[in-house]
Structures are given as structure tokens and as C-alpha cells.
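Report on the structure given below.
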Amino acid sequence: MKVTIKDIARECGVSVATVSLALSGKSNRISQATRQKVIAVAEKYKYTPNNAAVSLVKQKSRMITMVSNDLTNPHISAIVMAVSRVLEKNNCGMISRFLESEPGGDRDLISRMSSENMGAVIWAKSLEIMDEQQTQQLDREITGLGVPVMTMDQYRLSCPGIDVCFDYREGGYLAARHLLELGHRRIGCVAGTRSFQVTQDRLDGYRQALAEFSVEYDPELIYYGNYTMNSGYEAFPYLMGQKVTAIFSMNDEMAFGLYRAARNYGVKIPQDISVIGFDNVPFADVMEVPLTTIRVPVEEMGQMLGEKAVEFIDTGKTEREKIVYRPQLMLRASTRKITR
């Protein structure tokens with residue numbers, strides 16, 4: 001049976017209010033002797049505060065709703081885990097919401113969330129390409145929740161919170177530039193979901209690098225997948241048919257699909273085809289041919305999202321912040337200088 005604050009108060013011979021003050025960690029009128037006695041009893045019974053009760057007393061919910069669109073994606077699941085660890089340390093709960101990309105999905109979910117007792121929202125759903133009217137409408141709906149909102153993209157929200165962003169354009173640029181510096185000129189690209197802003201950002205970076213090396217952009221060298229291993233597998237024969245010498249995969253999972261297809265087709269990486277990924281997920285460096293990739297600091301980003309959610313709840317901050325993480329090229333064995 002779980003020990004309550006009343007049980008601790010009874011054993012210590014003090015009031016419930018005294019126990020609450022002693023465990024708050026803040027300076028107050030409670031004597032040091034009483035504080036130590038309460039803490040000792042709490043540790044003895046491994047007491048943990050009831051988040052719901054704390055929220056009612058403080059009139060401030062410590063429940064965070066996290067919205068994502070693909071928990072099977074290692075990138076997203078790693079962020080969710082990092083957020084969860086931070087919230088647990090800060091006595092906050094988390095409700096996970098899954099939102100698929102479908103017309104009206106955002107509005108329906110926000111409507112359901114509006115009746116929930118939450119202190120903040122972490123909107124970890126990929127930003128879809130929107131026009132100005134759609135952007136303003138989503139801002140009104142999310143801001144209408146009346147709580148701080150943390151995002152993983154620049155949604156251009158006006159409510160309190162933070163945009164924890166990654167420079168995907170620079171990442172796409174670094175990936176393509178690396179292949180160009182190795183002498184490749186026909187560089188295929190396994191793109192992600194066409195409607196996602198991060199896909200367009202990566203593609204913009206790829207095109208920027210081509211332009212700097214005076215290589216004409218060829219849309220026939222772009223294969224749109226959906227960030228899954230299977231779509232990388234399906235892209236391989238198409239791109240090989242385009243006579244590419246290297247492939248830029250917009251995430252590591254699709255790159256793993258390229259690896260599987262290359263093995264089945266008897267194509268060797270990097271002897272026959274160079275491959276570069278994006279994300280630096282676990283196992284990228286323990287493949288038979290370790291994958292050259294672009295590092296996205298998902299653990300740090302997830303930790304920042306969690307810490308900022310707690311900070312905005314605890315302090316009542318009203319401004320909107322932004323932080324941008326930079327990409328890092330992780331050189332491994334899947335790319336090589338082309339010989340002509």
C-alpha cells in the first residue's frame with residue numbers, strides 16, 4: 001500500500017502542512033530538526049508525491065501532454081524518452097498523444113486537449129508545409145489552450161514556450177557537399193515525406209551544395225519516400241537506374257533500407273555506391289559498413305524540451321524563446337572518393 005503524506009505526518013507527530021513544507025525543498029519556518037525527521041521517514045517508506053494532489057494545491061498542473069506523429073521513428077522515440085526522463089525527475093507526468101497527418105487532425109486533437117488539466121504541451125509533431133492562413137489558424141488554436149507550448153520546429157506560435165529547432169537545411173547542405181567534395185556529380189536523394197517542412201529544408205540544403213559546385217539540379221534524381229526502411233529499399237533500384245554514384249538519404253532508417261537492397265542486388269557500399277544518412281541513430285556506426293551520416297542531437301533536444309516545459313510551468317514565464325541546434329558530419333566508411 002502506498003504511503004501518503006498523512007501517514008508521514010502521523011508517524012512524525014506533525015501536521016500535514018508541516019510535512020508538505022518540509023518536503024518542498026524551499027526555505028520556510030520549519031526547523032531543521034523537524035525537516036530532517038520528515039525527510040528520514042519519507043525516505044524510509046520511499047514516499048513520492050502525488051502529482052495530481054500537488055497540482056490541485058498549487059492550482060497549477062504538472063501534467064505535460066506530448067504530441068507526436070511517429071513513435072516507430074528512432075529519432076522521435078529517442079526524444080520522447082529524453083523528455084520522459086526529465087519530467088520524471090521533476091515530479092511531472094506525461095500524456096502521449098499520437099497524431100497522424102490527415103486533414104483536420106490537428107484541430108480535432110486540440111479540441112479534445114482543451115478540456116484536459118495540463119500544465120504545458122510538447123508539440124513534437126513534424127511541421128507540415130502550410131500557407132500563411134493555415135499557420136495563423138493553427139497558432140490561434142494552439143494558443144487557445146492557454147498553456148506554454150514547446151515545439152520541435154518553428155511553428156511561429158505566439159503563446160509562451162520555446163521552439164527547439166535543428167538546422168535541417170545546413171544538414172542537407174553538409175551531406176551533399178561531402179559527396180561533391182569526394183568527386184560525385186550524379187547524387188541521388190532519398191527524400192522523406194513530401195509535405196513535411198524538414199524534407200523541404202534538407203532538399204534546399206542539397207540544392208545549395210549542388211549550386212556551389214556548379215552541378216545542375218535534376219529532379220529525376222529525387223525519390224520521395226516516407227522516412228521508413230522500406231521506402232529506402234524501394235528507392236534503391238530506381239536511383240541505380242538513374243546511374244547515380246552516391247545517394248543522400250534524408251534519414252538513417254531509409255539508409256538502412258538502401259543497405260538491405262544493395263546486399264540483395266549484389267552492389268557493394270562504398271565500392272559501387274556511396275551512401276550518406278541523416279540523424280546518427282544507434283547502430284549507424286556498428287553496421288558491417290559503418291554509415292557516414294549527419295548527427296542530430298536528439299537526446300539534447302529532448303532534454304531541452306522537457307526542461308523548458310518544467311521551467312515555464314514553475315516560473316509562469318510569458319515570452320517565447322528559440323534555440324537552434326547545428327548539424328555535425330560523422331565521417332565513417334560508407335562514402336569514398338570517386339575514381340574516374
Side-chain angles (χ1 to χ4, degrees), residues 1-68 71 76-98 112-124 145-150 160-162 164 297-319 321 323:
M1 184 175 177
K2 185 176 180 179
V3 172
T4 68
I5 196 170
K6 290 182 179 179
D7 297 323
I8 296 175
R10 188 181 304 113
E11 181 160 335
C12 293
V14 297
S15 68
V16 170
T18 297
V19 173
S20 180
L21 288 170
L23 296 176
S24 69
K26 300 177 181 179
S27 58
N28 49 55
R29 65 179 186 277
I30 306 301
S31 69
Q32 188 62 25
T34 299
R35 188 191 309 278
Q36 291 177 349
K37 182 178 181 181
V38 169
I39 291 174
V41 173
E43 291 178 345
K44 171 184 171 182
Y45 292 111
K46 295 181 172 58
Y47 168 76
T48 55
N50 183 305
N51 287 332
V54 171
S55 296
L56 288 174
V57 170
K58 295 184 176 182
Q59 296 297 304
K60 188 182 293 185
S61 174
R62 298 187 70 76
M63 186 63 69
I64 285 87
T65 297
M66 185 161 187
V67 179
S68 61
L71 289 178
I76 300 297
S77 58
I79 286 178
V80 172
M81 290 299 296
V83 168
S84 179
R85 285 192 289 269
V86 171
L87 299 187
E88 186 175 348
K89 288 180 183 177
N90 288 276
N91 294 320
C92 291
M94 183 174 78
I95 297 175
S96 184
R97 294 284 197 176
F98 179 74
R112 294 195 299 273
M113 289 166 56
S114 63
S115 61
E116 297 174 354
N117 180 31
M118 56 189 176
V121 171
I122 296 177
W123 195 269
L145 292 171
V147 297
V149 179
M150 322 299 137
I162 187 171
V164 178
V298 290
E299 292 286 337
E300 294 95 319
M301 293 171 69
Q303 183 173 330
M304 177 63 70
L305 285 166
E307 290 175 350
K308 283 297 181 178
V310 174
E311 179 184 339
F312 272 82
I313 289 175
D314 288 344
T315 65
K317 293 168 63 174
T318 59
E319 66 268 27
E321 303 173 2
I323 182 171

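Given the structure is predicted, the values throughout are model-derived calculations rather than measurements. All heavy atoms count here, side chains included; hydrogens, waters and symmetry mates do not.
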**OP:** Report the residues that fulfil side-chain hydrogen bond (donor to acceptor under 3.5 Å, both in side chains) with Thr18, sequence neighbours left out, ordered by chain and then residue number.
**Re:**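 For Thr18 the side-chain hydrogen bond (donor to acceptor under 3.5 Å, both in side chains) partners, ignoring immediate neighbours, are Ser15.
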Original post:
Can you name the residues that form a side-chain hydrogen bond (donor to acceptor under 3.5 Å, both in side chains) with Thr34, not counting sequence neighbours?
Top reply: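 With sequence neighbours excluded, Thr34 shows a side-chain hydrogen bond (donor to acceptor under 3.5 Å, both in side chains) to Ser31, given in chain and number order.
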Which atom of [X] lies closest to which atom of [Y], heavy atoms considered:
{"X": "Pro160", "Y": "Thr318", "value": "CG-O, 3.6 Å"}
{"X": "Met94", "Y": "Met63", "value": "N-SD, 3.4 Å"}
{"X": "Val310", "Y": "Cys92", "value": "CG2-SG, 4.0 Å"}
{"X": "Ile76", "Y": "Ser68", "value": "CG2-CB, 3.9 Å"}
{"X": "Met113", "Y": "Trp123", "value": "SD-CZ3, 4.5 Å"}

Drop me the distance from [X]'s [atom1] to [Y]'s [atom2], to the nearest 0.5 angstrom.
{"X": "Cys12", "Y": "Asp7", "atom1": "SG", "atom2": "CG", "answer": "10.5 Å"}
{"X": "Ile122", "Y": "Ile95", "atom1": "CD1", "atom2": "CD1", "answer": "12.0 Å"}
{"X": "Ile79", "Y": "Met304", "atom1": "CD1", "atom2": "CE", "answer": "12.5 Å"}
{"X": "Ile5", "Y": "Ile8", "atom1": "CD1", "atom2": "CD1", "answer": "6.5 Å"}

Subject >> Full working for side-chain contact (heavy atoms from CB on, under 4.5 Å) between Ile64 and Ile313 >> reply: CA-CA 10 Å; Ile64 285 87; Ile313 289 175; 3.7 Å; yes
**OP:** Would you check if the side chain of Arg62 reaches a backbone N or O of Asn90 as a donor-acceptor pair within less than 3.5 Å?
**Re:**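 The answer is yes, because a donor-acceptor pair under 3.5 Å joins these two groups.
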**OP:** Return each pair, listed once, that meets side-chain hydrogen bond (donor to acceptor under 3.5 Å, both in side chains) where at least one residue sits in residues 299-309; pairs must be two or more places apart or across chains.
**Re:**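 Of all non-adjacent pairs touching residues 299-309, those that pass side-chain hydrogen bond (donor to acceptor under 3.5 Å, both in side chains) are Arg85-Glu299, Arg295-Glu300, Gln303-Glu307, Lys308-Glu311, Lys308-Glu321.
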Subject >> Glu43: salt bridge (Lys or Arg N to Asp or Glu O under 4.0 Å) partners, not counting sequence neighbours >> reply: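 Salt bridge (Lys or Arg N to Asp or Glu O under 4.0 Å) list for Glu43, sorted by chain: empty.
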Subject >> Side chain to side chain, Leu145 and Met118, heavy atoms closer than 4.5 Å >> reply: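 Yes. Closest side-chain heavy atoms under 4.5 Å.
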**OP:** Begin with the C-alpha distance, continue with both residues' side-chain angles, and end with the deciding distance and a verdict on side-chain contact (heavy atoms from CB on, under 4.5 Å) for Met66 and Val80.
**Re:** CA-CA 8 Å; Met66 185 161 187; Val80 172; 3.7 Å; yes
Original post:
Please walk me through it: do Lys89 and Val86 pass side-chain contact (heavy atoms from CB on, under 4.5 Å)?
Top reply: CA-CA 5 Å; Lys89 288 180 183 177; Val86 171; 5.9 Å; no
**OP:** List for me each residue that meets side chain to side chain contact (heavy atoms under 4.5 Å, CB included) alongside Tyr45, sequence neighbours excluded, and say none if there are none.
**Re:**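 Applying side chain to side chain contact (heavy atoms under 4.5 Å, CB included) to Tyr45 gives Val3, Glu11, Val41.
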